[in-house]
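Okay, structure first, notes after.
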Amino acid sequence: MINMRSMDKSGIFRSATFLAGRIVLGLGFSLVLSMACLAVAWGLYIFSGSSTRMTWLVMLMAGASIGAGVGAYLGWLKLDRHHWPSILATVLIAIAGGLLGALGGYEYGVNREIECCAKPRTGPFTFAALGSAMAANIAIYLVGAGGIALRRLRVGKQHSDA
């Protein structure tokens, strides 16, 4: 638990640097894994013999969100005191956030109008990967912040009950 009143400037700098490093690491891992899973999903779609557009979209959105969720978890991973149920719940929350981000990014990419050109230079699946990476990291950050808030609430209740 961090006590901001007793923390000096170097401690604040260290905490801010740690947070910025986790953000960059989480975004990097989730973007790379999201793009890799998009490629795997694309290959699975091609070799599965399916020909419907909805199957293609579902496979690509699922690939982007799974890659982003796992990548965000790896970027924010702490190696102490983890139990399998909490790991699984955190990864599933990150994947759900990645799915929402992938859908939002895809919709932004599809509906994007570029004034000078007839076709956009960046495809909608690039926006889906970017959206899933950002949303998965936001979900992981909110899970972590919620966990810290719950721990502080429990500690505060224990001190008030004593």
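Atoms considered below: every heavy atom in the structure, side chains included; atoms not considered: hydrogens, waters and symmetry mates. Along the sequence shown, residues are numbered consecutively beginning with 1.
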> Can you tell me if S65 and S132 form a side-chain donor-acceptor pair at under 3.5 Å?
Replying inline: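 There is no such pair between these side chains.
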Looking at [X] and [Y], what are the two nearest heavy atoms and their distance?
X    : Y    : answer
A133 : L27  : O-CD2, 3.9 Å
A135 : G97  : CB-O, 3.0 Å
S30  : A72  : CB-N, 3.6 Å
S34  : A64  : OG-O, 3.3 Å
L31  : L130 : CD1-CD2, 3.6 Å

Do the side chains of [X] and [Y] join up, straight or via other hydrophobic residues, at under 4.5 Å, putting them in one cluster?
X    : Y    : result
F18  : L74  : no
F29  : L92  : no
V143 : W76  : no
I93  : I138 : no
V40  : W42  : yes

Quick one: are [X] and [Y] in side-chain contact, heavy atoms under 4.5 Å?
X   : Y   : value
L57 : R53 : yes
I95 : Y73 : no
T17 : R14 : no
L99 : I66 : no

>> Parallel, tilted or perpendicular: which one describes the rings of Y45 and W56, with boundaries at 30° and 60°?
In response: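 Plane angle between 30° and 60°, so tilted.
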Nearest-0.5 Å distance, [atom1] of residue [X] to [atom2] of residue [Y]:
X    : Y    : atom1 : atom2 : result
I140 : I23  : CD1   : CD1   : 13.0 Å
M59  : L44  : CE    : CG    : 4.5 Å
L25  : N137 : CG    : CG    : 9.0 Å
R22  : L77  : CZ    : CG    : 7.0 Å

> Between Y106 and F125, does the ring centroid distance fall short of 6.0 Å?
Replying inline: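 Ring-ring flag for Y106/F125: true, centres closer than 6.0 Å.
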>> Checking R151 against I148 for the side-chain contact (heavy atoms from CB on, under 4.5 Å) test, could you report, in this order, the C-alpha distance in whole Å, the side-chain angles of both residues, the deciding distance, and whether it holds?
In response: CA-CA 5 Å; R151 281 191 293 274; I148 290 171; 3.4 Å; yes
